[in-house]
There are 2 protein chains.
Amino acid sequence: MASMITIKDIARNLNISVATVSRALRDTYDVNKETREKVLQMAKALDYKPNVNATGLAKGKTNNIGIILPFVTNYYFSTVITGIQEVAYSKGYNIMLFITNDAEEREIDITHNLNISSFAGFLVSSCASSFKHFSEITDKGIHVVFFDRVSPTMDTSKVMQDDYNGAFMATEHLIQQGYTRIAHLAGPRGIAMTEKRLKGYQDALEKHHLPLNEQFIIHSGFSQECGEADTQILLTHKKRPDAIFGVNDRKAIGAMLALKQHNIKIGKEIGVIGFTNDPASALISPSLTTVAEPAFEIGKISCELLLKHITKKRFPPEEVVLPSTLIVRESTVRK
Amino acid sequence: MASMITIKDIARNLNISVATVSRALRDTYDVNKETREKVLQMAKALDYKPNVNATGLAKGKTNNIGIILPFVTNYYFSTVITGIQEVAYSKGYNIMLFITNDAEEREIDITHNLNISSFAGFLVSSCASSFKHFSEITDKGIHVVFFDRVSPTMDTSKVMQDDYNGAFMATEHLIQQGYTRIAHLAGPRGIAMTEKRLKGYQDALEKHHLPLNEQFIIHSGFSQECGEADTQILLTHKKRPDAIFGVNDRKAIGAMLALKQHNIKIGKEIGVIGFTNDPASALISPSLTTVAEPAFEIGKISCELLLKHITKKRFPPEEVVLPSTLIVRESTVRK
DNA sequence: GCTACTGTCGAGAACGTTTACGTAATTTTT
DNA sequence: AAAAATTACGTAAACGTTCTCGACAGTAGC
């Protein structure tokens, strides 16, 4: 246990009280600028760093923000984290990372084991179907901002990409390319994001008077393996789809792998489109058409909103929907 | 400020002292098992969660481990984090994330602004050339374990993949495939990892009596863009290389993109090999031969070592080198 | 010369825990 | 039956801050 420099050391060296040192270090009021100078100088000389535990205890709040999300090993979430970290760092907040592995029990376990009062707030992308464990947090006055996989019911700020319009654009793009039998590899049921993308897909079909084939909609997890397996199922139908819209790039890439196994020409025979703009989508061949999500922006804005909730007394919840943009590549060109 | 349940509430409800409650909650000694039962029951009933700031203050230590690394948006680091998080979570430790953006000043800034005594230890992959800011941490008795980009001089535990043998294997594989003019897209100078992979490359050439061409070794950053730019330079040489060994997959992928621009057949005309086994390496076409790093294992073992340092009084530093394995794909097959 | 400020500072309680020490009650030893 | 040891618990200090009260100058107003 290294004996750290404390406020007392500064006080003793300067022959003043700890109260004055504390004020000099933080406020500017009620302290002579000369003594303030001396304190700051001494603090620097001794390389004083405030003890965050003591500060947290005394003030009843900290500079920690907790991030709770399913994974960190994918482009979208890791980029969101980078965005969050960018603003958190610049404002002097530290981030604490909690990974749920996309398992609801783990998510609940994490929130229940947490001493939530030692957090300034939480940024979360939930994999749960119920949000009770989060309302327990907001009930105690700790702010939560959701991103991506948001709670449809809770009255908090939420930040997300435009899932509905992105899916609509994706589907409409396929239609405009001449595909008519469009399947959708959807996400797990009950997640708002899944439903919005599904709705965008359905509405685009309806707008263009294309029939809605229930067999062409398969719900499963978000992984590449799910996309691959689901596509194998789609290919068993007597009347195959001629295009596949993946709820995300990984499922779309899984679909492409399955198609390649069957020697089906991607684009020409069956079009494929994804969602995310994972760097891999540009590298795979044929390159994958996709809908880009502004992941970094989402992280940045989520964190900014959370900090506003933390610092402003009354700041009403906001819902921010960031535009998604279509990126056309090779996997949806017909000729 | 939500009034949280404290140890005092339990004590008052049970008509006992806070000391007894504290002991009942933590130790088993010096407390009757009946009262202990009652305390645990009451704690559960009140949904008591210990205040980590108070505990940290009183005990002079915490359960926070800090992770300091260059990026989070790539396969390797995000997988390492997942490994770290796996063991940290199971042992009740929380992880605090610091991203340096691969900038030395930022790394130094982070360590200097930290109240390091509020951490149990640090897990770091450094982008710095000097390690003074880390020895300042270990000098205060806080443990640091390096992974991947380790300090060559500091006496701490270190965990890394076998960079030398991996690079040696990669180069030898190219030689065995019949490539003779092998270039190396190296990492930044001064980083131990860069030097080890470079040495493996050089030694493999030497073993097989191939000339070492200084023009075929280019040092630059770790990004895909660097790999692409460096390859453009390589292609201007009168006598081009017939194979390229990238210090990591991203640079190798950058090389592939450059080669594609020149309509050079990858594999047949110029072989390409990477290092990491980024998922993208399997998706790009032709698929990229690479040397796989056990990223998850590295995270897991790093964290385990750190926890041993934290919990055991005298636990001497260990250096763990995990084997790298060659994964042969299409980018290095000649015919 | 008296009151009323204003500016600067210190004393001390408080935040929620842990822990060294003391003590009373009980049990064991002799 | 007295002495010693053990068990179970409480008291209070400590951890490093913050913050509410004053205290005490000095200044200004009358």
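Numbers restart at 1 for each chain; the letters A, B, ... are given by sequence-line order, proteins then strands. These values consider heavy atoms only, across backbone and side chains, with no hydrogens, waters or symmetry-generated copies.
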Query raised in the report: Contact boundaries of DNA chain D with chain B (under 4.0 Å, heavy atoms), 5' to 3'?
Result: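 Going 5' to 3' along DNA chain D, contacts run D/dA8 to D/dG16.
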Query raised in the report: When the C1' atoms of the five terminal pairs at each end define the local axes, what inter-axis angle does the helix from C/dG1-D/dC30 to C/dT30-D/dA1 show, to 10 degrees?
Result: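 Between the axes fitted at each end of the helix from C/dG1-D/dC30 to C/dT30-D/dA1 lies an angle of 40°.
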Query raised in the report: Heavy-atom distance under 4.5 Å between the side chains of A/P188 and A/T194, does that happen here?
Result: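 The answer is yes; the side chains approach within 4.5 Å.
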Query raised in the report: Atom CZ of A/R23 to atom C1' of C/dA11: distance rounded to whole Å?
Result: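 Roughly 11 Å, once rounded to whole Å.
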Query - Atom pair distance, as rounded to whole Å: NZ in B/K61 and C1' in C/dT18 - result: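 Checked: the NZ to C1' distance equals 12 Å.
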Query raised in the report: Quick one: is C/dT8 close enough that its OP1 or OP2 comes under 4.0 Å of any side-chain N or O from A/T35?
Result: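 No, A/T35 has no side-chain N/O under 4.0 Å of OP1/OP2 on C/dT8.
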**Report entry** Residue-phosphate contact under 4.0 Å: A/S17 side-chain N/O, C/dC9 OP1/OP2
**Finding:**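 No, outside the criterion.
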Check residues 37-48 of chain A and write down every donor-acceptor pair under 3.5 Å in which the side-chain atom is one partner and the other belongs to a residue at least two apart or another chain.
none

Once side chain to side chain donor-acceptor pair (under 3.5 Å) is applied, do any residues pair with [X], and if so which ones, sequence neighbours excluded?
X	answer
A/S17	A/T20
A/E86	none
B/S151	B/T153

Query raised in the report: For every nucleotide of nucleotides 12-17 of chain C, 5' to 3': is a protein heavy atom under 4.0 Å from its base (B), only from its sugar-phosphate (S), or from neither (-)?
Result: ---BBB
Going by the rule side chain to side chain contact (heavy atoms under 4.5 Å, CB included), which residues pair with [X] if we only count those two or more places apart in sequence or in a different chain?
X	result
B/V18	B/I7, B/K8, B/A11
A/K300	A/V87, A/F296, A/E297, A/E304
A/S78	B/V72, B/T73

**Report entry** Residue pairs passing the side chain to side chain donor-acceptor pair (under 3.5 Å) test where at least one lies in residues 91-107 of chain B, sequence neighbours excluded
**Finding:**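 Matches after skipping sequence neighbours: A/Q85-B/R106, B/D102-B/R149, B/E104-B/S129, B/E107-B/S126, B/E107-B/H133.
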Query - Listed once per pair and sorted, the salt bridge (charged side-chain N to carboxylate O under 4.0 Å, His left out) pairs that draw on residues 119-138 of chain B, sequence neighbours left out - result: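 Pairs touching residues 119-138 of chain B that pass the test: B/K132-B/E136.
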Requested in this report: Indicate, with a heavy-atom threshold strictly under 4.0 Å, whether B/N32 touches base, sugar-phosphate, or nothing.
Outcome: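 B/N32: backbone/sugar contact only, no base atoms under 4.0 Å.
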